[in-house]
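Structure, as structure tokens:
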Amino acid sequence: MALKRPGGPRPPMRKKEPDHRINELIKVPEVRLVGDNVEQGVYPTRKALELADELELDLVEISPNAVPPVCKIIDYSKFVYEQKKKQKEIKANAKQTVIKEIRFGPNSGDHDFDFKLKHAIKFLENGEKVRAYVHFKGRAIVHKDQGEILLLRFAQALEDYGKVELLPKLEGKRMFLTVAPKAPKK
């Protein structure tokens with residue numbers, strides 16, 4: 001006995017549409033042809049398709065918004081592979097911003113402050129942002145000024161290693177301060 005899916009049979013799988021229009025999918029009357037092994041210029045689409053067929057390659061629409069659209073005669077699968085390779089390379093070179101958090105209490109002692117300051121310096125030297133915050137528990141919120149003084153003292157101690165991006169700001173039960181690393185000197 002076959003199991004029935006709720007809602008009826010599964011719809012047929014649809015092929016993924018290509019990212020670019022190729023060959024017969026290009027419906028405009030004329031195209032601007034560019035490429036290595038072809039004379040550049042504006043051609044009727046039929047003529048451009050014939051040229052691509054002669055070279056046993058594909059006519060690929062590169063820039064559909066141009067007037068007339070720009071097409072290139074290339075091997076489409078190789079073109080898609082190159083595009084994916086470029087995207088992967090761009091993604092690999094993109095720098096991720098890392099934000100390290102340091103938590104204080106409104107009555108943090110000097111030793112605790114110095115200990116966390118050393119960590120913040122290490123983070124900034126590694127090129128990471130530091131987000132320090134004072135967490136107020138219960139009625140400690142009435143001492144907001146103590147938290148702000150603590151964060152300003154923290155920012156002043158980090159002056160040589162980073163620049164303050166966001167001055168102390170109260171959000172709910174937390175007061176935040178964000179410090180970004182200074183750009184390395186060339």
Side-chain angles (χ1 to χ4, degrees), residues 3 5-7 10-11 13-22 34 60-66 69-70 72 74-186:
L3 294 172
R5 281 186 83 240
R10 181 179 299 212
M13 293 289 287
R14 287 205 332 239
K15 273 190 173 178
K16 186 178 174 268
E17 297 265 331
D19 295 335
H20 304 85
R21 287 191 288 214
I22 57 172
V34 296
V60 181
E61 191 175 58
I62 304 294
S63 179
N65 298 334
V70 178
K72 199 172 191 179
I74 44 175
D75 180 10
Y76 184 65
S77 56
K78 188 175 179 182
F79 172 72
V80 169
Y81 171 76
E82 293 292 330
Q83 289 279 20
K84 284 183 182 174
K85 197 172 166 185
K86 279 182 192 173
Q87 290 298 322
K88 200 172 188 180
E89 200 172 296
I90 288 170
K91 196 175 181 182
N93 292 337
K95 190 173 186 291
Q96 295 284 322
T97 54
V98 178
I99 298 178
K100 298 287 189 173
E101 287 196 344
I102 295 179
R103 176 183 168 156
F104 290 102
N107 300 320
S108 292
D110 289 338
H111 174 72
D112 192 30
F113 180 84
D114 295 338
F115 182 78
K116 291 178 180 183
L117 182 66
K118 284 180 189 171
H119 281 292
I121 290 169
K122 195 167 30 170
F123 295 147
L124 290 170
E125 285 174 343
N126 290 340
E128 299 161 335
K129 285 185 179 183
V130 174
R131 178 184 224 183
Y133 66 91
V134 177
H135 185 77
F136 298 99
K137 287 184 182 173
R139 292 192 43 124
I141 197 88
V142 294
H143 301 292
K144 287 182 262 188
D145 53 334
Q146 279 183 330
E148 191 170 356
I149 290 167
L150 181 74
L151 288 176
L152 290 172
R153 193 172 119 209
F154 189 70
Q156 194 173 9
L158 292 174
E159 221 170 62
D160 298 337
Y161 305 96
K163 60 181 184 291
V164 176
E165 273 192 346
L166 186 72
L167 286 169
K169 178 178 157 189
L170 188 68
E171 288 179 16
K173 291 186 174 189
R174 291 181 176 183
M175 187 176 284
F176 291 98
L177 168 83
T178 307
V179 182
K182 280 190 175 175
K185 290 175 182 147
K186 293 179 182 175

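Keep in mind that the numbers below use all heavy atoms, side chains included, and drop hydrogens, waters and symmetry copies. For reference, positions follow the sequence shown, starting with 1.
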Exercise. Verify side-chain contact (heavy atoms from CB on, under 4.5 Å) between T178 and V164, making sure each step is shown before the conclusion.
Key: CA-CA 6 Å; T178 307; V164 176; over 6 Å; no

Can you give me the closest heavy-atom contact between [X] and [Y], atom names plus distance?
X    : Y    : answer
A140 : P106 : CB-CG, 3.9 Å
M175 : L151 : O-CD1, 3.3 Å
L166 : L177 : O-CD1, 3.3 Å
P64  : I62  : CD-O, 3.5 Å
P168 : E148 : CB-CG, 4.1 Å
A120 : I102 : CB-CD1, 3.5 Å

Within this structure, what is the [atom1]-[atom2] distance for the pair [X] and [Y], rounded to the nearest 0.5 Å?
X    : Y    : atom1 : atom2 : value
I149 : K144 : CD1   : NZ    : 13.5 Å
S108 : H135 : OG    : NE2   : 12.0 Å
Y81  : K86  : OH    : NZ    : 12.5 Å
E128 : I99  : CD    : CD1   : 10.5 Å

If you define the side chain from C-beta out and look only at heavy atoms, does anything of [X] sit under 4.5 Å from [Y]?
X    : Y    : answer
L124 : V179 : yes
D145 : H143 : yes
R103 : Y133 : yes

Quiz prompt | Residue of the set V80, D75, I74 for which side chain to side chain contact (heavy atoms under 4.5 Å, CB included) holds with V60 | solution = I74

For [Y], is the NZ or CZ atom of [X] found under 6.0 angstrom from the centre of its six-membered ring and inside 45 degrees of the ring axis?
X    : Y    : result
K116 : F104 : yes
R174 : F136 : no
R153 : F113 : yes

Practice problem: Flag yes if more than 12 heavy atoms outside F176 fall under 6.0 Å of its CZ atom; otherwise flag no. | Solution: yes

Exercise. Could you check L167 against K169 for side-chain contact (heavy atoms from CB on, under 4.5 Å), going step by step and ending with a plain yes or no?
Key: CA-CA 6 Å; L167 286 169; K169 178 178 157 189; over 6 Å; no

Self-check item: Step-by-step side-chain contact (heavy atoms from CB on, under 4.5 Å) determination, E89 to N93
Solution: CA-CA 6 Å; E89 200 172 296; N93 292 337; 4.1 Å; yes

Practice problem: Carefully, step by step, assess K129 and K100 under the rule side-chain contact (heavy atoms from CB on, under 4.5 Å). | Solution: CA-CA 6 Å; K129 285 185 179 183; K100 298 287 189 173; over 6 Å; no

